[in-house]
A.B. asks: 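Below is the structure I would like to discuss, written out as structure tokens.
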Amino acid sequence: MTVEMREGYEGTGPGAITPDGCAVELYERLPVGDEPDIIAAAVPAGAHILELGSGVGRMTHPLLERGFTVTAVDESADMLSRVRGARTVCSPIEDLDLGGEKFDVVMLASFLVHSGDEEVRRGMLRTCAGHVAEGGCVLIQREGEDYHTHVPRERVDPSGFTVRIASVEPAGDGVNSVRAEYVFPDAAWTQTFLARPLTKEQFESALEEAGLVVDAYLTPDGTWVRAVRKA
């Protein structure tokens, strides 16, 4: 099946590549970090989580193990075919409509709020606001302050692969084209994607436009945020 790539996005390496340049086999290999613990500490036990951009279930599966119910949404059927134990919905996040269904927690991770296309970002945040229950919350993962300036940089994972942000190039209108490389002993992948750096003020303004307001910054670096509906 031919996948139509989103403009400005590209991926290389073995296996299926999603419209935003992510490689399915790569994400099956990537370990989960401390994100499930951050999420579990920020939301009620046993909450029903709407996970937007779940991919292969890298966070879905640890959240299920912690007793949460998860509805996993991704635009890639190839990604969702790897998710186990959760209800799955194949849809672009910005177009999602679950017919009035509401969730205790809506989660937008993987820096998706930094989409290079402002209309896509607006659509994603509208989806968050439209699917969170009264009294519920939205968890959002932001980029760190130096993500676009501390380049090139690389990290060698304890499990034996290297992640490298190889380049960040201006692509116009405040957007950068970012190239990431993932090198394993037996395979390598690249992803090129568009990202829009957002100051704290710009981020909070984008939330406000969608009817959301920051409830708490959950990590010292401000990358994980809990938001709620504006009163």
Side-chain angles (χ1 to χ4, degrees), residues 18 20 22-76 79-80 82-89 93 103-115 121 124-125 127-128 131-132 136-147 153-165 178 180 182 189 191 193 195 198 200 203 207 212 214-228:
T18 68
D20 61 354
C22 292
V24 175
E25 288 183 24
L26 167 64
Y27 277 84
E28 282 200 292
R29 293 183 182 211
L30 292 180
V32 71
D34 58 0
E35 290 98 337
D37 293 328
I38 294 168
I39 295 157
V43 304
H48 191 169
I49 299 174
L50 177 65
E51 185 187 4
L52 302 174
S54 66
V56 296
R58 199 163 53 104
M59 281 202 270
T60 318
H61 300 136
L63 290 171
L64 291 169
E65 288 165 10
R66 285 162 174 77
F68 296 103
T69 302
V70 183
T71 293
V73 177
D74 204 277
E75 68 179 353
S76 165
M79 287 283 196
L80 288 176
R82 271 67 169 184
V83 174
R84 304 175 307 280
R87 168 192 176 199
T88 58
V89 179
I93 296 166
F103 297 81
D104 307 318
V105 180
V106 179
M107 188 167 80
L108 186 69
S110 304
F111 318 122
L112 290 170
V113 73
H114 291 274
S115 169
R121 183 194 70 214
M124 288 178 172
L125 289 175
T127 294
C128 291
H131 288 84
V132 67
C137 66
V138 178
L139 298 184
I140 300 171
Q141 186 181 24
R142 300 168 63 221
E143 293 178 339
E145 280 186 14
D146 63 349
Y147 276 32
R153 65 179 182 275
E154 70 175 47
R155 173 178 67 81
V156 179
D157 191 84
S159 63
F161 67 92
T162 300
V163 184
R164 183 179 301 118
I165 301 299
V178 182
Y182 302 84
W189 287 269
Q191 183 187 10
F193 58 95
L198 297 171
K200 187 164 173 277
F203 169 71
L207 291 190
L212 298 168
V214 171
D215 178 54
Y217 286 90
L218 301 172
T219 50
D221 61 3
T223 55
W224 276 94
V225 183
R226 184 172 60 213
V228 294

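Just so you know, residue 1 is the first one in the sequence shown, and it goes up from there.
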A.B. asks: Measuring only between side-chain heavy atoms, which start at C-beta, is Leu30 closer than 4.5 Å to Tyr182?
C.D. replies: yes

A.B. asks: Hey, could you give me the CH2/CD1 distance between Trp224 and Ile38, rounded to the nearest 0.5 Å?
C.D. replies: 7.0 Å

A.B. asks: For the residue pair Met124 and Val113, establish whether any side-chain heavy-atom pair is separated by less than 4.5 Å.
C.D. replies: no

A.B. asks: For Arg226 and Ala42, which heavy atoms make the closest approach, and how far apart are they?
C.D. replies: NH1-O, 2.9 Å

A.B. asks: For the atom pair CG (Leu139) and CE (Met107), what is the distance rounded to the nearest 0.5 Å?
C.D. replies: 7.0 Å

A.B. asks: Quick one: CG on Leu198 to NE2 on His114, what's the gap to the nearest 0.5 Å?
C.D. replies: 5.0 Å

A.B. asks: Just checking, is any N or O donor in the side chain of Thr223 or Asp221 under 3.5 Å from an acceptor N or O on the other one?
C.D. replies: yes

A.B. asks: Measuring from atom CD1 of Ile93 to atom CG of Leu108, what distance do you get when rounded to the nearest 0.5 angstrom?
C.D. replies: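 Going from CD1 on Ile93 over to CG on Leu108, the span is 5.5 Å.
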
A.B. asks: Are there more than 12 heavy atoms of other residues, nucleotides or ligands under 6.0 Å from atom CD of Glu154?
C.D. replies: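 Buried by this count: over 12 neighbours within 6.0 Å.
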
A.B. asks: Are side-chain heavy atoms of Arg29 and Phe161 found at a separation under 4.5 Å?
C.D. replies: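 Heavy-atom side-chain distance check fails, nothing below 4.5 Å.
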
A.B. asks: Just distance, no hydrogens or angles: give the donor-acceptor pairs under 3.5 Å from side chains in residues 57-66, sequence neighbours left out.
C.D. replies:
{"unit_1": "Arg58", "atom_1": "NH1", "unit_2": "Pro31", "atom_2": "O", "d": "3.0"}
{"unit_1": "Thr60", "atom_1": "OG1", "unit_2": "Glu51", "atom_2": "OE1", "d": "2.5"}
{"unit_1": "His61", "atom_1": "ND1", "unit_2": "Gly57", "atom_2": "O", "d": "3.0"}
{"unit_1": "His61", "atom_1": "NE2", "unit_2": "Arg84", "atom_2": "N", "d": "2.9"}
{"unit_1": "Arg66", "atom_1": "NE", "unit_2": "Asp37", "atom_2": "OD1", "d": "3.4"}
{"unit_1": "Arg66", "atom_1": "NH1", "unit_2": "Pro62", "atom_2": "O", "d": "3.1"}
{"unit_1": "Arg66", "atom_1": "NH2", "unit_2": "Asp37", "atom_2": "OD1", "d": "2.8"}

A.B. asks: Any donor and acceptor pair, going by atom type alone, linking the side chain of Asp104 with main-chain N or O of His48 inside 3.5 Å?
C.D. replies: yes

